[in-house]
Structures are given as C-alpha cells and as structure tokens.
Number of protein chains: 2
Amino acid sequence: MENPNLKKAGLKATLPRIKILQILEENPLRHMSAEDVYKVLLGTGEDVGLATVYRVLTQFETGGLVSRHHFEGGQSVFEINQGEHHDHILCVGCGKVDEFVDEIIEQRQRAIAKKAGYVMTDHSLYIYGMCGECQKKKM
Amino acid sequence: MENPNLKKAGLKATLPRIKILQILEENPLRHMSAEDVYKVLLGTGEDVGLATVYRVLTQFETGGLVSRHHFEGGQSVFEINQGEHHDHILCVGCGKVDEFVDEIIEQRQRAIAKKAGYVMTDHSLYIYGMCGECQKKKM
DNA sequence: GATGCTAATGATAATCTTTTGCATTCGTGT
DNA sequence: ACACGAATGCAAAAGATTATCATTAGCATC
C-alpha cells in the first residue's frame with residue numbers, strides 16, 4: 001500500500017512517482033521547483049532523471065495532486081494539494097511565501113467572470129511585497 | 001519631438017525605442033510578447049535585433065512605461081501603461097484577453113497584505129476561463 | 001554642421017528551463 | 001515466473017531570455 005493517491009490519480013505506482021510524492025508531502029518547503037525536487041532526490045541517493053521529475057510533476061498536476069505556480073523568476077513551482085484552496089503572498093526581499101484565503105475575493109472573481117461571459121476554470125492571484133523582517137533590514 | 005514618454009523615463013530617443021513604443025501604442029493587440037513586437041518590426045522593414053527588443057522592453061518596464069505579464073504559456077507579454085490599473089481575464093480556448101477593474105478586490109488585497117505584515121509592492125491577478133464564443137464551439 | 005564621448009545596438013553565443021526521442025527497464029495482471 | 005505496455009534515464013532539442021563584444025548612433029559641445 002504505497003500511496004493511495006497515486007492510484008486515485010490513475011497512475012502506476014512506480015518508484016519515481018512514489019518518491020516525488022513523498023518529497024512533496026514531507027518537505028517543509030511547500031513550494032518546490034522541479035530542480036528542488038530533483039536535488040532532494042539526488043541527496044537521498046535515488047537515481048531519478050530530471051526529465052522524469054518534470055514528467056511526473058506534470059502528471060501530478062493533471063491528476064489534481066499538485067498545483068503549478070508561476071511565481072516571478074522564470075521557473076515553475078509545485079505545491080501539493082491538501083487542505084482548501086488558497087492564494088499566495090510573496091516577499092520580494094527574501095522570497096518567503098505565505099498563504100491566505102479570502103472568500104470575498106473568491107466571490108468577486110466569480111462575479112467578474114460571469115459578468116464578462118466567461119465560465120471560470122481557474123485563477124491565480126499573487127501579492128508581492130516586503131515582509132516584516134525585510135522591512136527592518138532595509139532601514 | 002519624437003515621444004515625450006521616452007525622455008520622461010530617462011531614456012535616450014533612439015530609433016529602436018521610438019519604433020517599439022509606437023508599436024505598443026498603436027497595435028490593436030494590447031498584449032504582445034517580445035517576439036510579437038519583433039515580427040511587427042521586421043514587417044515594417046526595420047532592422048532591429050530581437051535582443052534589442054528584449055532590452056528595450058525591460059527598460060520600458062523599469063521606467064514604468066509598460067507592464068510585464070506572465071500569462072500561462074512560457075513567454076512574457078508586455079502591455080503599455082495607459083489608463084488606470086486593471087487585471088486580466090483570459091480565455092483558455094482562444095487566448096482572448098479581457099481587462100477588468102474591481103475596487104473591492106484591490107481593497108481586500110491591501111488589507112490582506114497589511115494583516116500579514118507586508119508592505120505591498122505589486123500584485124497580479126489572472127482569471128482563466130472559457131469565453132462566450134468558445135463555450136458555444138465546444139457544444 | 002563637424003567632432004568626440006558614451007550609451008545603445010545587432011549578431012551571435014551562452015544560459016536556463018522544460019520537453020522530446022528512443023532504447024532499456026519496470027509494474028502489473030495472468 | 002512471464003509478457004506486454006507503460007515508464008524511465010539519458011542525451012539531444014527546443015524555446016525564451018540574457019550576456020558578450022565589436023560597431024554604430026545619440027547628443028552635448030565647439
């Protein structure tokens with residue numbers, strides 16, 4: 001019984017997939033790039049190719065196991081889906097990522113999409129700013 | 001009197017910059033990738049390199065003349081800054097981009113940032129969905 | 001208007017992230 | 001244990017963007 005989530009997503013329970021899912025579940029850094037995941041894999045002595053990491057993460061996204069985010073800075077970051085939907089606030093100073101939920105914003109988005117004649121499928125909201133610690137450092 | 005905006009941004013009035021600014025101002029497609037701009041330039045017989053397009057767009061962004069967006073799909077798109085701030089709603093079917101302004105969302109964002117101890121510097125909100133025409137096509 | 005200094009440009013190579021092709025290996029049902 | 005197709009690793013390719021560097025073009029000055 002490796003991980004029931006893999007079967008739920010219709011994916012064969014292969015070693016790379018099991019390991020990657022485990023990393024996403026257990027790593028304290030909740031937002032990881034493919035490269036991040038790959039480095040952890042290497043660190044634990046696993047022989048998994050970077051291409052496989054990309055492939056598996058994309059499959060996980062398709063299967064609804066993870067979300068892909070396009071934070072500023074070029075590369076995609078992945079986050080395991082657990083708990084409810086949330087948006088992100090990022091520190092432009094130190095790169096810290098916080099999460100928040102705001103039902104009013106969610107509502108407004110749905111209303112806006114409807115008014116514009118769209119059926120909303122997804123949305124992404126990132127707030128960028130300077131966190132408390134970084135504000136102090138700059139002074 | 002080529003274009004007062006260039007001087008305002010502290011940029012020398014060179015031919016590539018004048019041309020690129022003109023394209024961004026006049027092209028009906030308000031959201032253009034560097035490649036898009038480059039193609040228009042080639043079409044008008046201008047001899048401007050793609051690297052210059054990237055450089056100039058980045059300078060325009062720094063100077064506040066344009067905004068850079070990271071829509072899904074890998075490449076950055078640029079939009080000239082005119083009129084007030086707005087967010088975007090994109091059709092996942094045809095790629096159409098609509099704009100909207102919602103003061104309630106703006107307020108909530110500021111409140112969320114403050115509560116989290118951040119000084120907000122920027123934010124990006126994209127709603128993805130299926131537009132009216134694309135909904136019909138799929139049926 | 002010619003001159004000279006500096007910043008800007010164009011072409012190309014380099015970088016970085018992500019994807020693809022293909023021979024080999026692994027999971028899974030039998 | 002076996003066989004079949006799916007999944008993997010490697011290396012090469014692709015796509016977007018940036019860096020390098022010799023050459024050229026703005027612009028202030030004469």
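By convention in this document, chain letters (A, B, ...) are assigned in the order of the sequence lines, proteins followed by strands, and residues within each chain are numbered from 1.
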(message) Here's a test of your reading of the structure: between B:Tyr38 and B:Arg17, which maps to the more 5' nucleotide of DNA chain C?
(response) B:Arg17

(request) Would you mind reading off the distance between B:Ile20 atom CD1 and C:dA8 atom P, rounded to a whole angstrom? (result) 13 Å

(request) Applying side chain to side chain donor-acceptor pair (under 3.5 Å), name anything that partners B:His123, two or more places apart in sequence or on another chain. (result) B:His85, B:Glu106, B:Gln109

(request) Could you pull out the closest heavy-atom pair between A:Cys134 and A:Cys91, with the gap in Å? (result) SG-SG, 3.6 Å

(request) Can you sort out which residues in residues 45-61 of chain A have a heavy atom within less than 4.0 Å of DNA chain C? Ascending by number, please. (result) A:Leu50, A:Ala51, A:Tyr54, A:Arg55

(request) Can you tell me the distance, in whole Å, between the CD1 atom of A:Ile18 and the C1' atom of D:dA7? (result) 13 Å

(message) So which atom in A:Tyr38 and which in A:Gly49 form the shortest heavy-atom distance, rounded to 0.1 Å?
(response) CE1-C, 3.9 Å

(message) Let me check something: do B:Leu57 and B:Met32 share a hydrophobic cluster, defined by ILVMFWY side-chain heavy atoms less than 4.5 Å apart, either directly or through other members?
(response) yes

(request) Just say parallel, tilted or perpendicular for the rings of A:His88 and A:His69, cut-offs at 30° and 60°. (result) perpendicular

(message) Just the rounded figure in Å: distance from C1' of D:dT17 to CE of B:Met32.
(response) 18 Å

(request) Could I get the full list of ring pair (Phe, Tyr, Trp, His ring centres under 6.0 Å) partners for A:Tyr126, not counting sequence neighbours? (result) A:Phe71

(message) Rounded to whole Å, how long is the line connecting atom CG of A:Leu6 with atom P of C:dT28?
(response) 10 Å

Side-chain atoms of residues 110-117 of chain A: list all donor-acceptor pairs with protein atoms under 3.5 Å, sequence neighbours left out, distances to 0.1 Å.
{"from": "A:Arg110", "atom 1": "NH2", "to": "A:Glu103", "atom 2": "OE2", "distance (Å)": "3.1"}

(request) May I ask you to list the residues of residues 62-80 of chain A, by number, that have any heavy atom positioned under 4.0 Å from an atom of DNA chain C? (result) A:Gln75, A:Ser76

(request) Apply side chain to side chain contact (heavy atoms under 4.5 Å, CB included) to A:Asn81 and list each qualifying residue two or more places apart in sequence or on a separate chain. (result) A:Ser67

(request) In whole angstrom, give the distance that lies between atom CG of A:Asp36 and atom P of C:dT17. (result) 10 Å

(request) Heavy atoms under 4.0 Å is the rule here; annotate nucleotides 25-30 of chain D 5' to 3' with B where the base is hit, S where only the sugar-phosphate is, and - elsewhere. (result) -SS---

(request) Quickly work out the A:Leu41 CG to D:dG9 C1' distance and round it to whole Å. (result) 13 Å

(message) Between C1' on D:dC10 and CG on A:Leu42, what's the gap in Å once rounded to a whole number?
(response) 14 Å

(message) Once salt bridge (charged side-chain N to carboxylate O under 4.0 Å, His left out) is applied, do any residues pair with B:Glu61, and if so which ones, sequence neighbours excluded?
(response) B:Arg68

(request) Run through B:Leu41, B:Leu21, B:Val48 and flag the one making a side chain to side chain contact (heavy atoms under 4.5 Å, CB included) with B:Pro16. (result) B:Val48

(request) Kindly calculate the angle separating the two end axes of the helix from C:dG1-D:dC30 to C:dT30-D:dA1, each obtained from five base pairs, and round it to 10 degrees. (result) 30°

(request) Give the other cluster members for A:Ile104, using side-chain heavy-atom distances under 4.5 Å between Ile, Leu, Val, Met, Phe, Trp and Tyr residues; answer none if it is isolated. (result) B:Ile104

(request) Enumerate the residue pairs fulfilling salt bridge (Lys or Arg N to Asp or Glu O under 4.0 Å) with a member in residues 83-101 of chain B, sequence neighbours excluded, ordered by first and then second residue. (result) B:Arg30-B:Glu99, B:Lys96-B:Asp98

(message) Listing request: all salt bridge (Lys or Arg N to Asp or Glu O under 4.0 Å) pairs with a residue in residues 42-55 of chain A, at least two apart in sequence or in separate chains.
(response) A:Lys19-A:Glu46

